[in-house]
Amino acid sequence: MALASGLFVTAMVTGAPLAAAGEGTQDQGGATATLAGLELSGAAIVRVNGEERHVQAGLFEMAVDNGGMLRTYGVDLDAATQRDARYQETPWAGTSLGTNAAAGKVRWILRNSYPQVNDLAELARRAGAPGLTEQDAATGTQIAIWRHSDGAGARSGTERTAREIPRITAVDPQAEKLADHLERKARSLPEPEASLLLDDSALSARTPPAARDDGRVGPVKVRSNARQAIVQPDARALAAGVRIVDAKGRPVTTVRDGGELYFAIPEGAAPGSAALTVQTSTTVPVGRALTSGSRSQTQVLAGSSVSTVSATATVNWAGAGPIPALSGERNCADGGLDLTVGNAGDEVFAFELMGTRHRVAAGRTGTVTVPLKEDQSYDFTIRGPYGYEKRVDGILDCRTRSGDTEGPRPMSAPSPASAGVLGGDSGSTADLAATGSSRATFVIGGVAVALVVIGGAAMLILRRKPSGRDE
């Protein structure tokens, strides 16, 4: 059975809202929040190609869905920031930090400056910046971050390529002293763990269940920095009699870090699908990235109140035929979207994506890497038997503009471009299980991509306890 999937590229101007993409349809758990605006900021000057422009640099505030507040800094100097943009906690691999050798230094700055170090006298002493205010501290910290995230500093070591790399400095001398201190002292720290993440969150199963496991499908492993989380099945699960249980088949309503969850599908259940949600309250680790589907500037976490975080796992089941399970994740190292497709059925699952037919053998899993252009929005749905469908949408935001080596982009207005549907029948076929392994990766090629060139608008930039020493 060949099932079509369309990929849509839509025109978007920086600063304009994008409704669907910001809703977080990719398979990522953690915090989801709305940008409220700048909390503290100061003036800065960007110098590039002999020209100067003024920007605001400082600390943002976000309201977390279902409770909590986040404080963040930006990591893309030339990208606009949209008020009320929706953000999702995201692994570094899905952002420009994933391919930036200085990403660990950004996390060091976050851990060793304001607001994590909220003793301004101590921070001023370290930086040699007497009289440092909260506004100066936020401004200097943001500037130091940009110097490493965007290569916008004299010590960044970034080579000039197609265009000159910018240099950003603070107008206030105390903020500038702090920025210089942080830029100079920063060293690499590892990426922090997610606040909440589910491993193997897209499952499929063949029914009737085997007697030895009582119809259990899984496991879905929970990873979280919280002590305990609530587990709740969705309405589809309840209607179908699907229970959420542990490895011994006991009903589960709460789970701890490292715990494993299973869907228990009743014998004789009609083909269908269901989901479970894991939710808890915790502080999001400093240094976690947050991205928006509307191309609002990528953020990194500087501080978190106790906030609500959640993650979802799904299961799809049937008695025979192809039984797919799909999940999607941005892959900035390869410049695209990784779409992982499993098939628990007894027949090949075939689908078409961007003009290429793909096949997943029975009992196998494969990964399709969908190549995308920077700033390209995507929206596609893959469908399977019995009404199954999976939609993935968003935008590829993998490079900072000042670090882009493909040449300058217009900074005043969007360039004219066409938008349309990609796909069609190319007649080519890729077998995702051709190697005989349980997991194989293929990159889609030979497809013309309708690219929207984005014009940048003017920038709208929007506790850990005091520490006695740098870490």
Side-chain angles (χ1 to χ4, degrees), residues 14 38-60 71-81 95-97 100-110 112-115 123 127-129 132-186 289 295-300 302 397 399-405 407-409 411-412 456-462:
T14 302
L38 274 172
E39 178 186 354
L40 293 165
S41 67
I45 300 174
V46 180
R47 295 177 175 87
V48 60
N49 293 327
E51 298 181 355
E52 293 185 356
R53 60 186 174 92
H54 290 255
V55 299
Q56 287 292 301
L59 186 67
F60 294 92
R71 305 172 89 183
T72 65
Y73 290 103
V75 294
D76 191 347
L77 171 60
D78 287 327
T81 305
T95 74
S96 61
L97 295 173
N100 184 349
K105 293 184 177 181
V106 170
R107 188 186 179 206
W108 185 96
I109 292 169
L110 292 164
N112 289 278
S113 191
Y114 186 82
L123 197 58
L132 189 75
T133 66
E134 285 188 323
Q135 181 177 346
D136 296 336
T139 303
T141 303
Q142 175 65 94
I143 289 172
I145 288 170
W146 276 334
R147 288 178 181 176
H148 286 294
S149 66
D150 291 57
R155 301 178 188 86
S156 68
T158 305
E159 296 291 338
R160 293 184 180 182
T161 52
R163 58 192 177 106
E164 187 179 342
I165 299 298
R167 169 70 180 176
I168 184 168
T169 57
V171 170
D172 184 272
Q174 306 313 316
E176 178 64 14
K177 288 178 182 178
L178 177 60
D180 285 344
H181 164 75
L182 295 171
E183 180 187 6
R184 181 177 63 254
K185 294 285 288 184
R295 191 54 171 96
S296 187
Q297 182 176 175
T298 297
Q299 304 282 301
V300 284
D397 184 6
R399 292 196 297 264
T400 61
R401 295 186 181 183
S402 55
D404 191 346
T405 60
R409 300 182 185 186
M411 294 301 294
S412 57
M459 192 169 187
L460 304 176
I461 296 301
L462 243 164

Considering all heavy atoms of both residues, which atom of [X] and which atom of [Y] are nearest to each other, and what is their separation?
| X | Y | result |
| --- | --- | --- |
| Pro115 | Arg71 | CB-NH1, 3.5 Å |
| Gly74 | Gln299 | CA-NE2, 3.6 Å |
| Ser149 | Val106 | N-CG2, 4.1 Å |
| Ala170 | Ala175 | CB-CB, 3.8 Å |
| Gly58 | Gln142 | O-OE1, 3.4 Å |

Taking side chain to side chain contact (heavy atoms under 4.5 Å, CB included) as the test, write out the residues that go with [X], two or more places apart.
| X | value |
| --- | --- |
| Ala127 | Ala129, Leu178, His181 |
| Ala44 | Val55, Ala57, Ile143, Ile168 |
| Gln135 | Thr133, Thr139 |
| Glu51 | none |

Measure the [atom1]-[atom2] distance between [X] and [Y] for me, rounded to the nearest 0.5 Å.
| X | Y | atom1 | atom2 | result |
| --- | --- | --- | --- | --- |
| Glu134 | Leu123 | CD | CG | 11.0 Å |
| Tyr73 | Thr141 | OH | OG1 | 4.0 Å |
| Glu183 | Glu176 | CD | CD | 8.5 Å |
| Arg147 | Leu182 | CZ | CG | 9.5 Å |

Keeping the roles fixed (side chain from [X], backbone from [Y]), state whether a donor-acceptor pair exists under 3.5 Å.
| X | Y | result |
| --- | --- | --- |
| Asn112 | Trp108 | yes |
| Ser113 | Ile109 | no |
| Gln297 | Val75 | yes |

Query raised in the report: Given the rule in the side-chain contact (heavy atoms from CB on, under 4.5 Å) test, do Thr400 and Leu77 qualify, once you have shown the distances and angles that lead to the verdict?
Result: CA-CA 7 Å; Thr400 61; Leu77 171 60; over 6 Å; no
From the list Asp150, Asn49, Val46, side chain to side chain contact (heavy atoms under 4.5 Å, CB included) with Pro166 holds only for Val46
>> Before you tell me yes or no, could you show the steps for Leu97 and Val300 under side-chain contact (heavy atoms from CB on, under 4.5 Å), namely the whole-Å CA-CA distance, both residues' side-chain angles and the distance that decides it to 0.1 Å?
In response: CA-CA 10 Å; Leu97 295 173; Val300 284; 3.6 Å; yes
Open item on the list: For a side-chain contact (heavy atoms from CB on, under 4.5 Å) check, start with the C-alpha distance between Tyr114 and Leu59, then their side-chain angles and the critical distance, and finish with the verdict.
Closed with: CA-CA 9 Å; Tyr114 186 82; Leu59 186 67; 4.1 Å; yes
Residues passing the salt bridge (Lys or Arg N to Asp or Glu O under 4.0 Å) test with Asp397, sequence neighbours excluded, are Arg295
Taken in chain and number order and not counting sequence neighbours, the residues that satisfy side-chain hydrogen bond (donor to acceptor under 3.5 Å, both in side chains) with Ser96 are none
